[in-house]
Amino acid sequence: MTMSYWLFKSEPNEYGIDHLAKDKKARWDGIRNYQARNILRDDVSVGDQVLFYHSSCKPTAIVGLAEVVAEGYPDPAQFNADSPYFDAKSKIDAPRWVCVDIAFQAKFKNPLTLAALKKMPELSEMVLLQQSRLSIQPVTKAEFEFILRTGAGKS
DNA sequence: GCCAACGTTGGC
DNA sequence: GCCAACGTTGGC
């Protein structure tokens, strides 16, 4: 079994790295995009490493590291009429949306801002820089290791 | 707040 | 199955 690497986006005023550091573990729910759903359902495995990215904030940046601790299962929020993630078209016996659980690993001492990432030739192929809207995206081993080596300095 | 990119919906 | 209209994401 090979370990894979991912980048998960989150808006820090909704749920940021400090929330995850405090909670230790979180359900990564509310993903309502089919491409992202397919990745969660088919490709994300326990033990995979996750770069935690803050979007829609200043500055946008990779801010920490997490690990997958539970692989894809039906997102309970899709069945909860009170949830903003409720989906009336999703059936219990044929769930449309999937979530995973992640655990906090580290908060980077030096977050790698999007502006900085764009300047690094080693990262020019990163999905983040190609297809910015995807909220769950693959990261290559080389990119992952480069990012940890370059910016991180775990705190 | 604006706008580009792109995903989704629905009429035909 | 195409495509126009519309909605959402997310950087700036």
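Each chain gets a letter, A, B and so on, in the order its sequence line appears, and its residues count up from 1. Here the structure is a predicted model, which means the values were calculated and not measured.
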Mind calculating the distance between [atom1] ([X]) and [atom2] ([N]) to the nearest angstrom?
X: A:N13; N: C:dT9; atom1: CG; atom2: C1'; answer: 14 Å
X: A:K58; N: B:dG1; atom1: NZ; atom2: P; answer: 13 Å
X: A:I31; N: C:dT8; atom1: CD1; atom2: P; answer: 16 Å
X: A:I62; N: C:dG11; atom1: CD1; atom2: P; answer: 12 Å
X: A:Q131; N: B:dG7; atom1: CD; atom2: P; answer: 6 Å
X: A:I136; N: C:dT9; atom1: CD1; atom2: C1'; answer: 14 Å
X: A:Y34; N: C:dT9; atom1: OH; atom2: P; answer: 14 Å
X: A:Q130; N: B:dA5; atom1: CD; atom2: P; answer: 14 Å

Please state whether the phosphate of [N], meaning OP1 or OP2, lies under 4.0 angstrom from any side-chain nitrogen or oxygen of [X].
X: A:K9; N: C:dG10; answer: yes
X: A:K89; N: B:dT8; answer: no
X: A:Q35; N: B:dC6; answer: no
X: A:Y53; N: C:dG11; answer: yes

*Within the structure shown, what part of the strands sits under 4.0 Å from A:E11 by heavy-atom distance: base, sugar-phosphate, or nothing?*
nothing
*Contact class for A:K118 (heavy atom, under 4.0 Å): base, sugar-phosphate, or nothing?*
sugar-phosphate
*When you check the gap from the basic side-chain N to the acidic O, do A:D18 and A:K107 get nearer than 4.0 Å?*
yes
_Taking A:D75 first and then A:R32, would you say they form a salt bridge - that is, a charged N and a carboxylate O separated by under 4.0 Å?_
yes
*asked:* Using modelled atom types and a 3.5 Å cut-off, is there a donor and acceptor pairing between side-chain atoms of A:S135 and backbone atoms of A:K9?
replied: no
*Which residue, A:L20, A:I62, A:L65, forms the side chain to side chain contact (heavy atoms under 4.5 Å, CB included) with A:F52?*
A:L20
From the options [options], select the nucleotide whose nearest atom is closest to the side chain of [X].
X: A:N33; options: C:dG10, B:dG7, C:dC12; value: B:dG7
X: A:T60; options: C:dG11, B:dG7, C:dG10; value: C:dG11
X: A:S55; options: B:dT8, B:dG7, C:dG11; value: C:dG11

*Between A:Y53 and A:W6, does the ring centre distance come in under 6.0 Å?*
no
